[in-house]
Chemist: 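The following block contains the structure, expressed as structure tokens.
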Amino acid sequence: MNEKGELREMKVKSFLVESAPFAAMVTVEFLDVGLTTISKAAMSKGMSHFVFVVYSNALASIILLPASFFFARKKRPPITLPLLCKFFFLSIAGITLMQNCVFTGVSYSSPTLGSALANLIPAFTFLLAVIFRMEKLELRSSKSRIKILGTLVSISGALIITLYKGPPILSQPVQPHSEQSPSTMLITTSNNWVIGGLFMATAGFSLSASIIGQAAILKGYPSEITMVSFYCLFGTIQCALVALVAERNPNAWKLSPDIELISVVYSALFGSVATFGVMAWCIQRKGPVFVAMFKPLSIAIAAVFGFIFLGETLHRGSIVGAGIIVTGFYGVIWAQSKEDKDEVAKTSTTPLLHGYVHQNS
């Protein structure tokens with residue numbers, strides 16, 4: 001009984017360890033949907049997105065830097081000038097370029113187009129991972145083919161949710177406020193769709209490059225909290241310089257103690273500290289493609305949240321697209337788990353093989 005109990009406990013622990021990165025990234029996507037909603041509310045009141053990015057990253061830096069020195073002072077390797085340069089360039093891609101391009105792109109077009117182009121992030125990340133040899137691309141391997149197909153299927157499902165509405169399936173008993181939906185109003189008031197699309201495509205590529213950069217840095221410097229701390233610090237400095245040039249109105253720097261302050265605090269705690277920390281932790285354990293694959297889930301989550309909390313109608317496109325996303329996502333995760341098991345099996349059998357060859361030579 002004791003042996004069976006210990007075996008059962010070991011299996012439970014193994015399941016929890018394997019499931020932790022999956023659960024963590026799903027949580028990140030939920031937090032990301034909340035950040036998008038609350039930041040839109042703040043900016044609709046007139047808050048400058050340049051100022052918003054500076055304040056949120058500054059508050060995140062104030063939280064992370066003391067925490068990194070306190071919790072990781074004994075474990076982390078020494079911080080060198082070349083390492084700080086890597087953190088600096090990482091911040092340019094993952095914070096300064098990405099965050100400012102996202103909000104600028106939305107101001108030119110709409111969140112609808114932004115959601116569509118954000119689904120290119122898994123493809124960008126997979127391509128960069130293959131180029132930099134962080135991901136093995138073996139077309140003869142069924143697992144590699146399933147990962148490629150699953151990535152494309154998830155992207156197509158997210159595009160369906162974004163671009164295809166379809167007839168209503170479920171609706172809440174709420175009174176309509178206007179004849180046009182918010183997304184339709186944003187589309188009709190867009191200034192330049194092409195420029196907005198270029199900004200948001202740049203943001204997607206920048207985030208993918210940041211994910212790949214984090215994976216490369218963490219191979220030689222395995223201290224996630226230190227990397228994220230300097231990531232936010234350098235991002236704050238860079239975004240402040242951008243804001244000083246782009247935002248000429250001094251009143252824009254005044255922070256109202258309402259939705260503006262709430263959005264900055266939420267963005268710092270959940271959009272930077274929690275999200276960046278969890279992403280770095282998952283990149284270290286599961287690789288960059290695993291992290292990027294979760295991005296299409298945010299659109300399905302947003303559709304369900306809109307139905308439950310905002311009383312929005314759930315259309316056929318949302319349901320069909322969500323089903324396709326889950327199908328493709330499951331395929332990639334299944335292939336990833338099989339590759340991880342194969343890697344563990346190779347690692348455990350290789351020493352025995354070497355020992356056998358050495359004894360018989």
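Position 1 is the first residue of the sequence, and the numbers go up from there. Because the structure is a prediction, the values reported are computed rather than measured.
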Chemist: Counting N and O atoms only, with roles assigned by atom type, does the side chain of Arg248 sit under 3.5 Å from a partner on the main chain of Val245, one being a donor and the other an acceptor?
Modeler: yes

Chemist: State which residues pass ring pair (Phe, Tyr, Trp, His ring centres under 6.0 Å) with Phe205; sequence neighbours excluded, sorted by chain then number.
Modeler: Phe124

Chemist: I need the Ile131 CD1 to Ile212 CD1 distance, nearest 0.5 Å.
Modeler: 9.0 Å

Chemist: Compare every heavy atom of Ser229 with every heavy atom of Ile225, then report the nearest pair and how far apart it is.
Modeler: O-OG, 2.6 Å

Chemist: Closer than 3.5 angstrom, by distance alone: can the side chain of Ser156 be matched with the main-chain N or O of Val153 as a donor-acceptor pair?
Modeler: yes

Chemist: Lys45 versus Asp258: any side-chain heavy-atom pair under 4.5 Å?
Modeler: yes

Chemist: What heavy-atom pair brings Leu31 and Ala274 nearest, and what distance separates the two atoms?
Modeler: CD1-CB, 4.2 Å

Chemist: Can you sort out the partners of Phe30 under ring pair (Phe, Tyr, Trp, His ring centres under 6.0 Å), two or more places apart, ordered by chain and number?
Modeler: Phe305

Chemist: Without swapping roles, check the side chain of Ser208 against the backbone of Gly204 for a donor-acceptor pair under 3.5 Å.
Modeler: yes

Chemist: I want to check something: taking the side chain as every heavy atom from C-beta on, are Lys286 and Val291 in contact at a cut-off of under 4.5 Å?
Modeler: no

Chemist: Does the pair Phe290 and Arg285 meet the rule for a side-chain contact (heavy atoms from CB on, under 4.5 Å), with working shown?
Modeler: CA-CA 10 Å; Phe290 175 86; Arg285 283 150 184 79; over 6 Å; no

Chemist: For a 4.5 angstrom cut-off between non-hydrogen side-chain atoms, does Leu64 reach Phe276?
Modeler: no

Chemist: Could you measure the distance from the CD atom of Gln284 to the CD atom of Glu224? Nearest 0.5 Å is fine.
Modeler: 5.0 Å

Chemist: Considering all heavy atoms of both residues, which atom of Leu218 and which atom of Ala280 are nearest to each other, and what is their separation?
Modeler: CD1-O, 3.4 Å

Chemist: Name each donor-acceptor pair under 3.5 Å that joins a side chain in residues 90-101 to protein atoms two or more places apart or in another chain, with its distance.
Modeler:
from, atom 1, to, atom 2, distance (Å)
Ser91, OG, Phe87, O, 3.0
Ser91, OG, Tyr231, O, 2.7
Thr96, OG1, Gln238, OE1, 2.5
Gln99, OE1, Asn57, ND2, 3.0
Asn100, ND2, Thr96, O, 2.9

Chemist: Between Ile211 and Ala292, what is the shortest heavy-atom contact and its length?
Modeler: CD1-CB, 4.4 Å

Chemist: Could you tell me which residues satisfy salt bridge (charged side-chain N to carboxylate O under 4.0 Å, His left out) with Lys143, sequence neighbours excluded, listed by chain and number?
Modeler: Asp342

Chemist: To the nearest 0.5 Å, tell me how far Trp253 CH2 sits from Tyr55 OH.
Modeler: 6.0 Å

Chemist: Can you sort out the partners of Phe69 under ring pair (Phe, Tyr, Trp, His ring centres under 6.0 Å), two or more places apart, ordered by chain and number?
Modeler: none

Chemist: Taking the side chain as everything from C-beta on, heavy atoms only, tell me whether Phe294 gets closer than 4.5 Å to Val28.
Modeler: no

Chemist: I'd like to check Pro21 versus Trp281 (side-chain heavy atoms, cut-off strictly below 4.5 Å). Are they in contact?
Modeler: yes

Chemist: What I'd like to find out is whether the side chain of Ser263 reaches to under 4.5 Å of the side chain of Ser56, using heavy atoms alone.
Modeler: no

Chemist: Quick check: do Thr202 and Phe199 have side-chain heavy atoms less than 4.5 Å from each other?
Modeler: no

Chemist: Give me the atom names and distance for the closest heavy-atom approach of Gly271 to Leu35.
Modeler: CA-CD2, 3.9 Å

Chemist: Between Leu244 and Phe52, is there a shared hydrophobic cluster once you connect ILVMFWY residues whose side-chain heavy atoms come closer than 4.5 Å?
Modeler: yes

Chemist: How long is the straight-line distance from OG1 of Thr226 back to CZ of Phe71, given to the nearest 0.5 Å?
Modeler: 12.0 Å

Chemist: Please check this pair: side chain of Arg145 against backbone of Arg140, looking for a donor-acceptor N/O pair closer than 3.5 Å.
Modeler: yes

Chemist: Would a hydrophobic clustering, with Ile, Leu, Val, Met, Phe, Trp and Tyr connected at side-chain separations under 4.5 Å, put Ile195 with Phe50?
Modeler: no

Chemist: Can you hop from Phe88 to Leu83 via hydrophobic side chains spaced under 4.5 Å?
Modeler: yes

Chemist: Rounded to the nearest 0.5 Å, how far does CD1 of Ile259 lie from CD1 of Ile38?
Modeler: 4.5 Å

Chemist: Check salt bridge (charged side-chain N to carboxylate O under 4.0 Å, His left out) between Lys147 and all other residues, then give those that pass, not counting sequence neighbours.
Modeler: Glu135, Glu339

Chemist: With a 4.5 Å cut-off on side-chain heavy-atom distances among I, L, V, M, F, W and Y, is there a chain of contacts connecting Ile62 to Leu269?
Modeler: no

Chemist: For residues Pro288 and Ala129, report the shortest heavy-atom separation together with the two atoms involved.
Modeler: CG-CB, 4.4 Å

Chemist: Honestly curious: do Val51 and Leu241 fall in one hydrophobic cluster under the side-chain, below-4.5 Å linking rule?
Modeler: no

Chemist: Is the side chain of Arg76 donor-acceptor paired with the backbone N or O of Ser68 at a distance under 3.5 Å, no angle test?
Modeler: yes

Chemist: Below 4.5 Å, heavy atoms only, C-beta onward: do Glu29 and Lys295 meet side chain to side chain?
Modeler: yes

Chemist: Determine, stepwise, if the pair Phe230 / Ile79 fulfils side-chain contact (heavy atoms from CB on, under 4.5 Å).
Modeler: CA-CA 11 Å; Phe230 283 99; Ile79 299 172; 3.6 Å; yes

Chemist: First locate atom CD1 of Ile217, then atom NZ of Lys86, and finally report the distance between them rounded to the nearest 0.5 Å.
Modeler: 6.5 Å

